[in-house]
Amino acid sequence: MTEKEEREKNRQRKLLRKILGQYYDQAMRRDQLEERLHALRASTGAKAVQYRLTPSGGEGRTIADDAISAAELEEKLNAQIKECYKTMNKVQEVLDYLPPASKQRIVLEYRHIDCLEWQRVADALHYSRGTCWRLYGEGIDLLLEEPDIQDMLRRAHRDHLYTGGSHRQRGRK
């Protein structure tokens with residue numbers, strides 16, 4: 001493999017790792033949105049009890065106004081949560097290109113779906129971290145052999161997706 005081909009292969013590996021890293025990012029985002037949704041529901045339930053049916057001055061807002069605002073916000077939050085799940089599903093679909101019980105797939109799932117740190121992946125599999133890293137790299141390379149994955153990477157590169165910053169490691173289990 002020429003130096004240019006090796007650089008391209010490394011770029012593809014990096015891009016694929018960023019795409020797989022979306023699962024963690026979207027799972028964290030989903031949790032955040034669901035907390036907001038829960039807080040919204042709790043706060044609107046509490047406010048409904050405090051309203052009077054007769055006007056008592058103030059801003060002129062009615063229960064109906066607040067209910068509509070809350071319903072609109074809840075709808076927006078639910079739409080954002082749905083988008084998180086779509087992205088998480090796309091990551092799972094990428095991993096589906098690996099054989100179901102392959103060691104490479106298991107390592108990639110522990111790392112990207114279960115969001116485990118490397119030591120926890122190694123402990124779960126009773127392997128060394130080095131072996132886990134090797135299996136991870138093999139899994140990435142197996143995915144890169146798939147024409148559909150290559151198409152996905154070309155589209156992501158063409159559309160300038162996933163080009164900013166590196167995947168954050170904080171918050172991993």
Side-chain angles (χ1 to χ4, degrees), residues 1-39 73-173:
M1 186 177 289
T2 69
E3 186 177 324
K4 183 178 180 180
E5 291 170 330
E6 187 63 34
R7 277 196 314 268
E8 176 60 19
K9 187 75 145 183
N10 286 334
R11 185 194 63 76
Q12 290 177 342
R13 287 179 182 122
K14 184 176 180 179
L15 184 55
L16 183 54
R17 285 193 307 267
K18 284 185 178 190
I19 290 169
L20 293 172
Q22 282 189 307
Y23 191 97
Y24 172 79
D25 294 338
Q26 293 303 308
M28 297 301 291
R29 177 77 174 140
R30 177 210 55 212
D31 292 348
Q32 177 188 40
L33 292 167
E34 286 176 347
E35 285 179 26
R36 286 182 188 161
L37 188 58
H38 178 71
L73 184 54
E74 185 170 338
E75 187 177 314
K76 287 178 184 178
L77 289 170
N78 279 320
Q80 290 175 353
I81 291 168
K82 184 177 180 180
E83 288 302 312
C84 290
Y85 278 112
K86 282 182 182 179
T87 301
M88 293 165 70
N89 189 50
K90 286 179 187 176
V91 171
Q92 186 63 54
E93 288 173 357
V94 168
L95 294 178
D96 285 343
Y97 281 91
L98 294 171
S102 70
K103 292 176 183 178
Q104 293 84 0
R105 180 176 177 151
I106 292 168
V107 169
L108 284 159
E109 286 178 342
Y110 273 141
R111 186 69 177 151
H112 292 290
I113 303 300
D114 299 326
C115 304
L116 297 182
E117 292 178 354
W118 283 112
Q119 188 58 54
R120 297 221 22 224
V121 173
D123 292 345
L125 295 171
H126 306 287
Y127 295 150
S128 69
R129 287 188 347 192
T131 299
C132 292
W133 290 332
R134 180 182 53 78
L135 291 169
Y136 180 88
E138 289 173 6
I140 293 291
D141 287 343
L142 285 170
L143 289 170
L144 289 174
E145 292 174 9
E146 295 291 333
D148 290 344
I149 302 297
Q150 286 293 321
D151 289 343
M152 177 190 68
L153 293 174
R154 276 192 287 278
R155 284 191 309 273
H157 184 70
R158 179 195 66 216
D159 297 340
H160 304 289
L161 302 175
Y162 317 110
T163 55
S166 62
H167 178 67
R168 294 178 304 288
Q169 295 298 317
R170 65 185 158 126
R172 288 213 182 248
K173 298 176 187 170

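This chain uses plain numbering: 1 for the first residue, then up along the sequence.
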Practice item. Answer yes or no: is there a side-chain heavy-atom contact under 4.5 Å between Leu20 and Leu95? Key: yes

Review point. In Å and rounded to the nearest 0.5 Å, what is the OH to CG distance from Tyr23 to Asp114?
Key: 8.0 Å

Check your understanding: Are the side chains of Gln92 and Glu109 in touch, meaning some heavy atoms are under 4.5 Å apart?
Key -> yes

**Study point:** Side-chain touch Gln150/Gln12, heavy atoms, less than 4.5 angstrom
**Key:** yes

Study note, to complete from the structure: Asp141 meets the side-chain contact (heavy atoms from CB on, under 4.5 Å) criterion, sequence neighbours left out, with Lys9, Arg13, Leu144

Check your understanding: So, Lys86 and Glu83, do they make that salt bridge, N to O below 4.0 Å?
Key -> yes

Check your understanding: Below 4.0 angstrom, N of the basic side chain to O of the carboxylate: do Asp123 and Arg120 qualify?
Key -> no

Review point. Any idea which heavy atoms bring Glu117 and Arg111 closest together, and the distance?
Key: CA-NH1, 3.4 Å

Check your understanding: Just how far is it from atom CD1 of Ile149 to atom CG of Leu142, taken to the nearest 0.5 Å?
Key -> 11.0 Å

Exercise for review: Quick one: pull up OG1 in Thr2 and CD in Glu8 and give me the separation to the nearest 0.5 Å.
Suggested key: 10.5 Å

Exercise for review: Work out which heavy atom in Cys132 is nearest to a heavy atom in Ala122; give both atom names and the distance.
Suggested key: SG-CA, 3.5 Å

Review point. Would Arg158 and Arg155 count as a side-chain contact (heavy atoms from CB on, under 4.5 Å) if you check the C-alpha gap in whole Å, the side-chain angles of each, and the deciding distance to 0.1 Å?
Key: CA-CA 5 Å; Arg158 179 195 66 216; Arg155 284 191 309 273; 3.7 Å; yes

**Study point:** N/O donor-acceptor pair under 3.5 Å between Arg105 side chain and Leu98 backbone
**Key:** yes

Exercise for review: Before accepting this row, confirm whether a basic side-chain N of the pair Glu3/Arg7 lies closer than 4.0 Å to the acidic partner's carboxylate O.
Suggested key: yes

Review point. Do other residues, nucleotides or ligands put more than 12 heavy atoms under 6.0 Å from Glu5 CD?
Key: yes

Check your understanding: To the nearest 0.5 Å, what is the distance between CG (Asp148) and OH (Tyr97)?
Key -> 3.5 Å

Exercise for review: Nearest 0.5 Å please: distance from the CE atom of Met152 over to the CG atom of Leu143.
Suggested key: 8.0 Å

Exercise for review: With the side chain counted from C-beta on, respond yes when Arg134 and Tyr127 share a heavy-atom pair under 4.5 Å apart, and no when they do not.
Suggested key: no

Study note, to complete from the structure: Partner of Ile81 under side-chain contact (heavy atoms from CB on, under 4.5 Å), picked from Gln32, Gln26, Glu34, Arg29, is Glu34

Review point. Is a side-chain N or O of Asn78 found less than 3.5 angstrom from the main chain of Glu74, in a donor-acceptor match?
Key: yes

Point to revise | Non-hydrogen side-chain atoms of Trp118 and Val107 separated by less than 4.5 Å | key: yes

Practice item. To the nearest 0.5 Å, tell me how far Tyr136 OH sits from Arg17 CZ. Key: 6.0 Å

**Study point:** Side chains of Ile106 and Leu135 in contact at under 4.5 Å (non-hydrogen atoms)
**Key:** no

**Study point:** Chi angles and distances behind the side-chain contact (heavy atoms from CB on, under 4.5 Å) call for Gln22, Lys90
**Key:** CA-CA 9 Å; Gln22 282 189 307; Lys90 286 179 187 176; 6.0 Å; no

Check your understanding: Between Ala156 and Ile19, which heavy-atom pair has the shortest distance, and what is it?
Key -> CB-CD1, 4.4 Å

